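First up is the structure itself, then whatever we jot down about it.
Everything numeric here is computed off the predicted structure, so don't read it as measured data. Counting begins at 1 with the first residue of the sequence.
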Amino acid sequence: EQACLASAQAVIFTTESHREHQLRVFPALARARTHVLPNGWEAEDFAEPATASAALWPEGPLRLAHVGTLSGHASPRHFVDALDAALDAEPSWRHKLEIEFVGRRSPAEHAELMRSRHADLITTVDHVSKSEAVRRMREADALLLLAAPALERYPVSYTHLTLPTNREV
């Protein structure tokens with residue numbers, strides 16, 4: 001990785017925080033050769049404040065959404081295991097959750113979702129347009145971010161689900 005970054009004519013990152021992290025970790029990488037091309041979202045898509053209903057715990061079910069590709073680097077396995085354990089321990093939560101996975105899924109990751117004992121609570125939607133993806137993200141009460149432990153070196157925490165009230169689940 002270090003040799004590639006040092007010798008590349010240009011290096012493209014999908015977030016500014018990822019570029020800044022790489023510049024700190026790899027001193028041979030010159031800022032002038034780096035560029036940021038956002039992957040799937042831009043800050044202005046979320047410039048409008050969340051609606052009042054999303055700002056506090058909602059009436060009705062808690063709506064969780066994952067919007068993006070599920071493949072080897074983003075397996076739902078741990079989420080499914082936690083969902084099954086939580087709902088087995090507190091069956092009343094079955095009526096308090098709506099779970100949606102939007103985007104492409106590899107056959108293996110789709111099978112992981114469907115192996116849940118509570119798969120009937122999980123809705124899957126194939127790839128949608130960017131505007132539709134943004135709409136679905138804004139309408140969710142919380143977004144699920146899934147990633148493999150190998151991505152821990154990046155400065156964003158991919159392992160927590162944070163509600164709009166800033167309570168971690």
> Could you walk me through whether Leu146 and Leu70 pass the side-chain contact (heavy atoms from CB on, under 4.5 Å) check?
Replying inline: CA-CA 8 Å; Leu146 309 173; Leu70 287 180; 3.9 Å; yes
>> Whether Arg117 and Asp88 form a salt bridge (side-chain N of Lys/Arg under 4.0 Å from carboxylate O of Asp/Glu) is what I want to check.
In response: yes
> Side chains of Thr124 and Val102: does their closest heavy-atom pair fall under 4.5 Å?
Replying inline: no
>> Restricting to side-chain hydrogen bond (donor to acceptor under 3.5 Å, both in side chains), what partner residues turn up for Ser106, sequence neighbours left out?
In response: Glu109
>> Minimum heavy-atom separation for Leu113 and Ala119, please, with both atom names.
In response: O-CB, 3.9 Å
> How many angstroms lie between atom CG of Leu83 and atom CG of Leu121, to the nearest 0.5 angstrom?
Replying inline: 6.5 Å
> So do the side chains of Val67 and Leu144 get within less than 4.5 Å of each other, counting heavy atoms only?
Replying inline: no
> Listed by chain and number, what are the side-chain contact (heavy atoms from CB on, under 4.5 Å) partners of Arg115, not counting sequence neighbours?
Replying inline: Arg77, Val80, Asp81, Glu112
> Thinking salt bridges, do Glu20 and Arg31 make one under a 4.0 Å N-O criterion?
Replying inline: yes
>> Quick check on side-chain hydrogen bond (donor to acceptor under 3.5 Å, both in side chains): which of Glu16, His21, Gln22 does Arg19 satisfy it with?
In response: Glu16
>> Distance check, rounded to the nearest 0.5 Å: Ser129 atom OG versus Arg135 atom CZ?
In response: 9.0 Å
>> Is the shortest side-chain heavy-atom distance between Leu143 and Met137 below 4.5 Å?
In response: yes
>> According to side-chain hydrogen bond (donor to acceptor under 3.5 Å, both in side chains), who are the partners of Arg94, at least two apart in sequence or on a separate chain?
In response: His118, Asp120
> Roughly how far, to the nearest 0.5 Å, is OG1 of Thr34 from CZ of Phe26?
Replying inline: 13.5 Å
> Looking at side-chain heavy atoms only, is the closest gap between Thr123 and Glu98 below 4.5 Å?
Replying inline: no
>> Tell me every residue that passes side-chain hydrogen bond (donor to acceptor under 3.5 Å, both in side chains) with Thr69, counting only those two or more places apart in sequence or in another chain.
In response: none
> Side chains of Arg136 and Val125: does their closest heavy-atom pair fall under 4.5 Å?
Replying inline: yes
>> For a 4.5 angstrom cut-off between non-hydrogen side-chain atoms, does Pro61 reach Leu97?
In response: no
> Looking at side-chain heavy atoms only, is the closest gap between Leu64 and Glu100 below 4.5 Å?
Replying inline: no
>> Run the ring pair (Phe, Tyr, Trp, His ring centres under 6.0 Å) test against Phe79 and tell me which residues pass, sequence neighbours left out.
In response: Phe101
> OG of Ser92 to CG of Leu87: how many Å apart, nearest 0.5 Å?
Replying inline: 9.0 Å
>> What I'd like to find out is whether the side chain of Leu5 reaches to under 4.5 Å of the side chain of Arg33, using heavy atoms alone.
In response: no
> For Ser7, which residues count as a side-chain hydrogen bond (donor to acceptor under 3.5 Å, both in side chains) partner, sequence neighbours excluded?
Replying inline: none
> Are Leu29 and Val36 co-members of a hydrophobic cluster defined by side-chain heavy atoms under 4.5 Å apart?
Replying inline: no
